[in-house]
Amino acid sequence: MILKGVFVGIFMAAAMTSAFAPQKALIMPRTTDSYFEGTVPTSLHMVTGTTKNTKNTSTYPTQRGSEVDPRKIVAGGTGKDNLIAIRLKHILFASEELANQSLSSLRSAQMNFDELAMQISNCAETREEGGEIGWVNMKQDNQHLDLILPETARSEVLATSIKPGDIVLTSSERGYHLVQITDVMVDVRKMSYVKTRKSYQEGQEETETQLKGILGGALAASEQEGVDFKVDLTYKVETMGCQMNIADSERMEGQLQSLGLRPYDDETDKAKGKKPDMVVLNTCSIRDHAEQKVYSYIGPYAKRKREGEDVTIIVAGCVAQQEGAALLRRAPEVDLVMGPQFANRLGDLLEDVANGNQVVATEASHIMEDSTKPRRQSTVAAWVNVIYGCNERCTYCIVPTTRGVEQSRPVESIVQEVTELVAQGYKEVTLLGQNIDAYGRDMIPKRKFSDLLRTVGSIPGLKRLRFVTSHPRYMSMGVVDAVAETPTACLNFHIPPQSGSNEILEAMGRGHTRERFLQIVDRIRQKIPDAAITADMIVGFPGETEEQFQDTLKLMEEVKFDSVNTAAYSPRPNTPAAEWENQVPDEVKQDRLQRINRLNLLHAAERRARMMGREVEVLIEERNVKVPTQVMGRTTHGYIVYCDGDIDELRGKLANVKIDVCQTYYLAGTMTEVI
Ligand code: SAM
Ligand code: SF4
């Protein structure tokens, strides 16, 4: 097949030769030795659920609190059948004691692996490159690496771990090696289901798709003489849902562009009568009938396909993961169904699609680092994933089944990504994780989010660091301290309690009480009085009584959140709460939603009112779309601020603004100084 291996080739080559950029040493004090510095109050275990009919009849793969080891359930499990290659770095020591000492400074992020390798590794071959060994091919003997990391040591590493971020201590005739697994390449062809389209069965001619033309490039064109491949292929990405999906879409777009496609321009392309050649629908299934939205969105594209047009239809994200091959049955025009864990492998998955097949990629997978550059929406503020997936089991939530188990990215990869962003001119970074305090608990050795926060926060040139989401069960007081002590860390905590009623929290399986939540709020207010606290709340959870709903309103009164994302409970497939009989009627949910929203608006206005007359530092991001002579930026709290100014001069600058208008969801004022 013409294209066989082209994409794996493209990405292997890019990934394997990607410039190695060692980072500066980042020496940070540690706060405490324990991993979860926050204590969960014992009262948690004394809460007795009064919610009726809350039996868990659903079949989650794991329950919260049970051991979830990504090494055992992804990338073909222990069999490692799906692995193509594993990327390694090492530091060579003369003594085991020194190796162990270094391991403990790496664990606390006091030292960066690359920098440590450059400073103290005894391996002359790799020292200059921060210990980089490169890719170890799982299907070959890799003898060429024997002089660096002898075979016995390599085997020991592979027997211990294949998970990016892990550091393994091993020995050989050369001495003691600290070996870090920095990336893993899985064979997406083995991990995806490829369905031959009817028009492309044995004996019939291969389908000549435009995609094949552009992706095969010169090779395909030369072998298919007379075939006029269109090279100006456009794509359109539609993103639904949370920041995770936005970040995934940015990475998928980066891959499409590196393959030669360009974004469809709604104005100019449309004016020329051109339609998008590819559509990527990145879906969200957190609420509502998400699947229905997918079918109605892809409807026009499917029609074009049925009429014989060469258009590629991709459904990505959580609905894709949830529905899998069922999507192909209901929408046979779809070419690729891919779960969130494959966002970095879109280019590879397109190989089979380019040959006219349908592909479903939803197996649990290690998440490979992306070797292409994301196409980010903003030039000022960027999203950076630090931990994928979620090991929690909130009884209403579909995320653990759609995004899989927790997989933390190596500190060094995160630091490298942020350093590159700063070099490109980005001023603000938001670290992303469903339960960000879980960062590093899946790693060997374990890491702490507070250490990561300090390390990333001290990257030279970075002006602002944000992070979402903090789970009240795991939110550590060490993180509050880290924010207080890291000048770049923004004064904004997003900590969703979801409900103010202990009975409902118990039924939700949140693992925290309202008392624990208030304890965190107290700590923040004591340590950082000006910090903004934002949240998510669900109303109308099964069995929620008026009194329990009132508890939520009371919690809001006590805390006075800067803003709350509110939602009426929506039953999701394969979640326990969806099967309970005590569902709250829709009209009650809607009534509660309106009442909570009214209170939310009052508090949002009250919180912003305290800014009147203050001079605040604002990072200018964009033009005010409603008043083009004004710019829009944000304070450290995350409040939107408008003021007069020229966006072309001010984008990405920090400015002081004297506030003279305080509205519910924005502030306005006069710029006094550009910093
Ligand atoms: N990991 C975050 C946490 O624990 O708070 C939340 C992530 S979830 C993608 C975002 C929000 O969606 C949740 O905080 C919750 O308020 C809301 N949500 C999730 N499942 C829901 C459901 N079944 N019905 C209504 N809202 C839901
Ligand atoms: Fe995980 Fe958040 Fe969903 Fe709970 S609400 S299961 S913590 S993603």
Side-chain angles (χ1 to χ4, degrees), residues 56 58 60-66 68 239-248 282-290 317-319 321-322 340 385-407 431-439 441 449 467-475 493-500 504-512 516-517 520 533-542 544 552 556 561 563-580 583-584 586 589-590 592-593 596-597 600:
N56 178 353
S58 183
Y60 268 135
T62 56
Q63 291 299 319
R64 196 192 63 224
S66 64
V68 186
T239 308
M240 302 166 167
C242 64
Q243 300 97 331
M244 301 274 173
N245 266 15
I246 298 173
D248 287 350
N282 195 4
T283 58
C284 168
S285 59
I286 205 83
R287 283 193 286 270
D288 304 321
H289 298 293
C318 293
V319 177
Q321 183 69 33
Q322 178 192 308
N385 291 89
V386 302
I387 174 168
Y388 300 103
C390 178
N391 287 4
E392 294 305 294
R393 292 291 174 266
C394 301
T395 53
Y396 51 82
C397 186
I398 198 166
V399 168
T401 39
T402 57
R403 290 200 167 260
V405 290
E406 287 165 3
Q407 296 186 52
L431 306 179
L432 292 178
Q434 292 293 354
N435 169 7
I436 206 150
D437 286 79
Y439 176 78
R441 69 175 170 180
F449 178 62
F467 59 94
V468 283
T469 295
S470 303
H471 189 305
R473 177 179 161 94
Y474 298 101
M475 164 110 194
F493 294 86
H494 185 68
I495 328 166
Q498 309 294 0
S499 168
I504 293 295
L505 288 172
E506 170 93 359
M508 285 177 163
R510 289 287 289 176
H512 65 85
R516 156 78 177 164
F517 184 79
I520 297 170
I533 302 178
T534 56
D536 302 346
M537 292 283 197
I538 297 177
V539 300
F541 183 77
E544 186 190 64
T552 296
M556 287 179 57
F561 292 102
S563 71
V564 180
N565 303 318
T566 57
Y569 167 72
S570 167
R572 309 309 305 132
N574 305 319
T575 59
E579 296 168 21
W580 298 342
Q583 301 292 324
V584 172
D586 275 349
K589 284 191 214 169
Q590 288 312 317
R592 288 180 190 168
L593 193 56
I596 196 174
N597 283 344
N600 185 18

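Indexing begins at 1, ligand by ligand and atom by atom, following the structure's order. Along the sequence shown, residues carry numbers from 1.
- Nearest non-hydrogen protein atom to atom 26 (N) of ligand 1 is Arg287 NH1, 3.6 Å.
- Taking the six-membered ring for Trp, Phe449 and Tyr474 have ring centres at least 6.0 Å apart.
- Aromatic ring centres of Trp580 and Phe541: separated by under 6.0 Å.
- Ligand 2 lies within reach of Arg510, whose nearest heavy atom is under 4.0 Å from it.
- Considering each of Ile495, Thr566, Asp536, the one bringing a non-hydrogen atom nearest atom 10 (C) of ligand 1 is Asp536.
- Looking at atom 12 (O) of ligand 1, its nearest protein heavy atom turns out to be Ile286 CG1, 3.7 Å.
- Looking only at heavy atoms of the protein, atom 5 (S) of ligand 2 is closest to Tyr396 OH, 3.3 Å.
- With salt bridges taken as basic N to acidic carboxylate O contacts below 4.0 Å, one links Glu544 and Arg592.
- For atom 1 (N) of ligand 1, the choice among Arg403, His494, Gln434 with the nearest heavy atom turns out to be Gln434.
- Considering both main-chain and side-chain atoms, Ser570 comes within under 3.5 Å of ligand 1 through a nitrogen or oxygen pair.
- Counting heavy atoms closer than 4.0 Å to ligand 1, residue Pro571 contributes nothing at all.
- By heavy-atom distance, the residue among Gln498, Glu392, Arg510 lying nearest atom 4 (O) of ligand 1 is Arg510.
- Here 1 is the count of protein N, O or S atoms positioned under 2.8 Å from atom 1 (Fe) of ligand 2, waters not counted.
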